[in-house]
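Here is the structure we will look at.
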Amino acid sequence: MYVCLCNAITDRAIRKAVEEQGVGNIRDLRRSLGVANQCGKCAQVAQTIIDQTIVDSSLFKEVS
Ligand code: FES
């Protein structure tokens, strides 16, 4: 789904940035993909996706 409509950035792109580029907060994500660099309405949802991806990644590492 689109998270940032201003820049047409999806949740999948955000997860990929977290997993492959080590993005850990909204500032990093803004620098990496341009999320929240215009109206800013996407910032809270984007931060939630970052947090969930980090948690999911750490759970996966514990299991494997
Ligand atoms: Fe992301 Fe506007 S929706 S900057």
Side-chain angles (χ1 to χ4, degrees):
M1 78 176 176
Y2 283 104
V3 174
C4 179
L5 295 177
C6 293
N7 297 299
I9 297 169
T10 63
D11 58 331
R12 189 175 296 183
I14 294 171
R15 282 197 207 98
K16 188 173 179 184
V18 172
E19 291 169 352
E20 295 181 3
Q21 298 171 29
V23 167
N25 56 51
I26 197 71
R27 191 184 323 164
D28 292 345
L29 192 61
R30 185 178 297 130
R31 219 177 289 134
S32 172
L33 297 179
V35 168
N37 69 358
Q38 294 189 49
C39 76
K41 290 181 179 175
C42 56
Q44 196 167 2
V45 173
Q47 183 64 61
T48 300
I49 293 170
I50 292 169
D51 294 343
Q52 286 176 343
T53 304
I54 291 170
V55 169
D56 290 349
S57 298
S58 64
L59 288 175
F60 179 73
K61 285 177 188 167
E62 286 179 16
V63 173
S64 58

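Order of listing sets the numbers, starting from 1, for every ligand and every atom in it. Computed over heavy atoms, backbone and side chain alike; hydrogens, waters and symmetry mates excluded. Values in this document were obtained by computation on a predicted structure and should not be read as measured data.
- Near L5, the atoms of ligand 1 lying under 4.0 angstrom from a non-hydrogen atom of the residue are 3 (S).
- A donor-acceptor contact shorter than 3.5 Å is absent between the side chain of N37 and the backbone of R30.
- Note that the CZ atom of R31 and the CG atom of N25 stand 7.5 Å from one another [nearest 0.5 Å].
- For ligand 1, the atoms sitting less than 4.0 Å from at least one non-hydrogen atom of C6 are 2 (Fe), 3 (S), 4 (S), numbered in the order shown with element in parentheses.
- Taking all atoms of both residues into account, the shortest heavy-atom contact from A17 to L33 is CB-CD1, 4.1 Å.
- Residue side and main chain included, C4 places an N/O/S atom under 2.8 Å of atom 1 (Fe) of ligand 1.
- Rounding to the nearest 0.5 angstrom, the gap separating the CE atom in M1 from the CD1 atom in I49 is 4.5 Å.
- Each of the following atoms of ligand 1 lies closer than 4.0 Å to a heavy atom of G40: 2 (Fe), 4 (S).
- Scanning all heavy atoms of the two residues, the minimum distance from G34 to I9 falls at C-CD1, 4.2 Å.
- Of the heavy atoms in A36, only backbone atoms (N, CA, C, O) come closer than 4.0 Å to ligand 1.
- Atoms CG and SG, from L29 and C42 in turn, are 8.0 Å apart once rounded to the nearest 0.5 Å.
- For atom 2 (Fe) of ligand 1, the N/O/S atoms of C42 include none lying under 2.8 Å.
- In summary, an N, O or S atom of C39 is located under 2.8 Å from atom 2 (Fe) of ligand 1.
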